Amino acid sequence: MAKFKIFTDSCSDLGTVARKKYDVEYVHMGIVVDGVEKIADLDWVEYTPEEFYSWLEKGKKIKTTQVSVQEFLDQFRPVLKEGFDILYIGCSSALSGSVSTCQTLVIPQLKEEFPDRTVIAVDSLLASGVEGMLVVQAAMRRAEGKSIEETAMWCEENKKYFNQFATVDTLNYLRNAGRIKGAKAFFGNLMGVKPIFISDAKGNNFVVKKAKGTKQSLEELIQGVKDTIEKEKWSEVWIGQGMARERAAAVRKRIEDELGVKCHTIWIGPIVGTTCGPGVLATFCLGKEVTRFEGDGLK
């Protein structure tokens, strides 16, 4: 059975320590800050999280870019030359064209160059911490001795069980990026109301509830975990934050105390941070099947 490497992308928000622990690589997306191109760096080498979020707060114009064909080729070719196959688990196709680029442009070219090697691209239908969680679970399957095909199939069959509950200080960033569904009820009436959105069954960010103020929004994030987590699948909860440290700490303590599970706090990285803005806060867990999607209506 051929050895294989696992790649994800900048949308996974999978930090340096976790990637080293689980032997995961990633391909870079990009950000353009006032016309200057930078990599969407999950190691925060060129700029710190605080610097990045300060750019957003100061109103700098920031755009995101998907993984380029050249980036895929530059990262994948050396690995294939070493005799490894590649499993790429990418950001939801509803939010990024990176998986499609890999499937339609990159894999056919690499198949010609490396006919004895296998490259598989999985559309996670996820982003941020839940994408990272799926990647970690894939690495755990590989460590158990599963083949690349078995691991890819596990991801396809189980990605619908990764749950996200998130809130932002304002919908402006998501609206400007065109990355939110079901949010019409908020526009023009944002004062004091906090949106609660999920990663839905089709891979979109979808607003499902309106919370009255910060306190209720945190309760919704906690309750989301309580309602969906199935500890026998994986009793870990990840909490993602972008300049919302105190709120993240409060949510973490509540979840650990009330559910008796282990929590990890992660930074929301440059791609997701650009589309959500400063103050983004989310909980991520593995549990019940995600079945909601746009058209279900807003509670």
Side-chain angles (χ1 to χ4, degrees), residues 13 53 56-57 126-130 133 161-177 179-201 204-231 235-268 272-299:
D13 294 339
Y53 281 102
L56 292 168
E57 290 174 337
L126 304 166
S128 193
V130 273
M133 279 184 151
Y161 298 111
F162 289 80
N163 289 264
Q164 165 193 287
F165 304 92
T167 189
V168 291
D169 284 345
T170 172
L171 276 172
N172 289 341
Y173 295 96
L174 285 161
R175 178 177 55 183
N176 292 340
R179 296 292 193 271
I180 193 73
K181 301 290 184 179
K184 291 181 180 179
F186 285 94
F187 296 149
N189 186 30
L190 292 172
M191 187 65 68
V193 176
K194 303 271 283 185
I196 305 299
F197 61 94
I198 64 171
S199 180
D200 74 7
N204 289 300
N205 292 315
F206 173 47
V207 174
V208 292
K209 288 186 179 181
K210 295 184 288 186
K212 296 179 181 178
T214 298
K215 183 177 180 180
Q216 186 183 345
S217 72
L218 301 188
E219 291 292 337
E220 293 289 352
L221 301 189
I222 295 166
Q223 191 62 45
V225 174
K226 289 181 176 179
D227 290 343
T228 57
I229 191 171
E230 295 182 354
K231 297 181 186 180
S235 61
E236 281 192 9
V237 174
W238 291 9
I239 300 166
Q241 65 86 27
M243 302 308 292
R245 292 184 182 90
E246 291 185 4
R247 283 176 282 166
V251 169
R252 175 173 182 162
K253 187 176 189 308
R254 284 276 306 279
I255 291 174
E256 289 180 336
D257 290 348
E258 296 175 23
L259 291 179
V261 299
K262 186 176 182 180
C263 290
H264 297 283
T265 303
I266 65 172
W267 276 103
I268 300 293
V272 180
T274 296
T275 58
C276 291
V280 58
L281 182 63
T283 52
F284 311 107
C285 67
L286 177 56
K288 295 178 181 177
E289 180 180 354
V290 177
T291 58
R292 298 199 66 181
F293 57 90
E294 183 184 9
D296 282 349
L298 183 65
K299 292 184 178 180

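These numbers come from a predicted model, not from an experiment.
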Could you go step by step and tell me if D169 and K194 meet the side chain to side chain contact (heavy atoms under 4.5 Å, CB included) rule? CA-CA 7 Å; D169 284 345; K194 303 271 283 185; 2.7 Å; yes
So do L281 and V251 actually touch side chain to side chain, heavy atoms under 4.5 Å? yes
Report yes or no: does K231 contribute a side-chain atom to a donor-acceptor pair with the main-chain N or O of G260 at less than 3.5 Å? no
Please report the interatomic distance NZ(K262) to CD1(I255), rounded to the nearest 0.5 Å. 15.0 Å
Identify the two heavy atoms, one from G279 and one from A244, that lie closest to each other, and give their separation to 0.1 Å. O-CB, 4.1 Å
Could you state the interatomic distance from CZ (F162) to CZ (F284), rounded to the nearest 0.5 Å? 12.5 Å
On a heavy-atom basis, which atom in A166 and which in A282 lie closest, and how many Å separate them? CB-CB, 3.6 Å
Mind running side chain to side chain contact (heavy atoms under 4.5 Å, CB included) on S128 and I268 for me, showing each step along the way? CA-CA 7 Å; S128 193; I268 300 293; 3.3 Å; yes
Walk me through whether L56 and Y173 qualify under side chain to side chain contact (heavy atoms under 4.5 Å, CB included). CA-CA 9 Å; L56 292 168; Y173 295 96; 4.0 Å; yes
Rounded to the nearest 0.5 Å, what separation is found between the OG1 atom of T167 and the CD atom of E220? 9.5 Å
Please test V290 against N163 for side chain to side chain contact (heavy atoms under 4.5 Å, CB included), starting from the C-alpha separation and ending with a verdict. CA-CA 7 Å; V290 177; N163 289 264; 3.4 Å; yes
Reported CD-to-CG distance for the pair Q164 and D200, which is rounded to 0.5 angstrom: 10.0 Å
Could you check if a side-chain atom of V208 sits within less than 4.5 angstrom of a side-chain atom of F165, using non-hydrogen atoms only? no
Side chains of Q241 and W267: closer than 4.5 Å at any heavy-atom pair? yes
Say you draw a straight line from CG of L221 to CD of Q216; how long is it, rounded to the nearest 0.5 Å? 11.0 Å
Of the non-hydrogen atoms in V261 and S235, which two are nearest, and what is the gap between them? CB-O, 3.7 Å
Count the heavy atoms belonging to other residues, nucleotides or ligands that lie under 6.0 Å from NZ of K253, then report whether that count exceeds 12. no
Sequence neighbours excluded, the answer for salt bridge (charged side-chain N to carboxylate O under 4.0 Å, His left out) partners of E236 is none
Do T214 and R247 have side-chain N/O donor and acceptor atoms under 3.5 Å apart? no
N/O donor-acceptor pair under 3.5 Å between R252 side chain and C263 backbone: yes
Does the side chain of T265 reach to within under 4.5 Å of the side chain of R245, using non-hydrogen atoms? no
Rounded to the nearest 0.5 Å, what separates atom CD1 in I196 from atom NZ in K210? 12.5 Å
Can you tell which of I266, D13, L286 makes a side-chain contact (heavy atoms from CB on, under 4.5 Å) with W238? I266
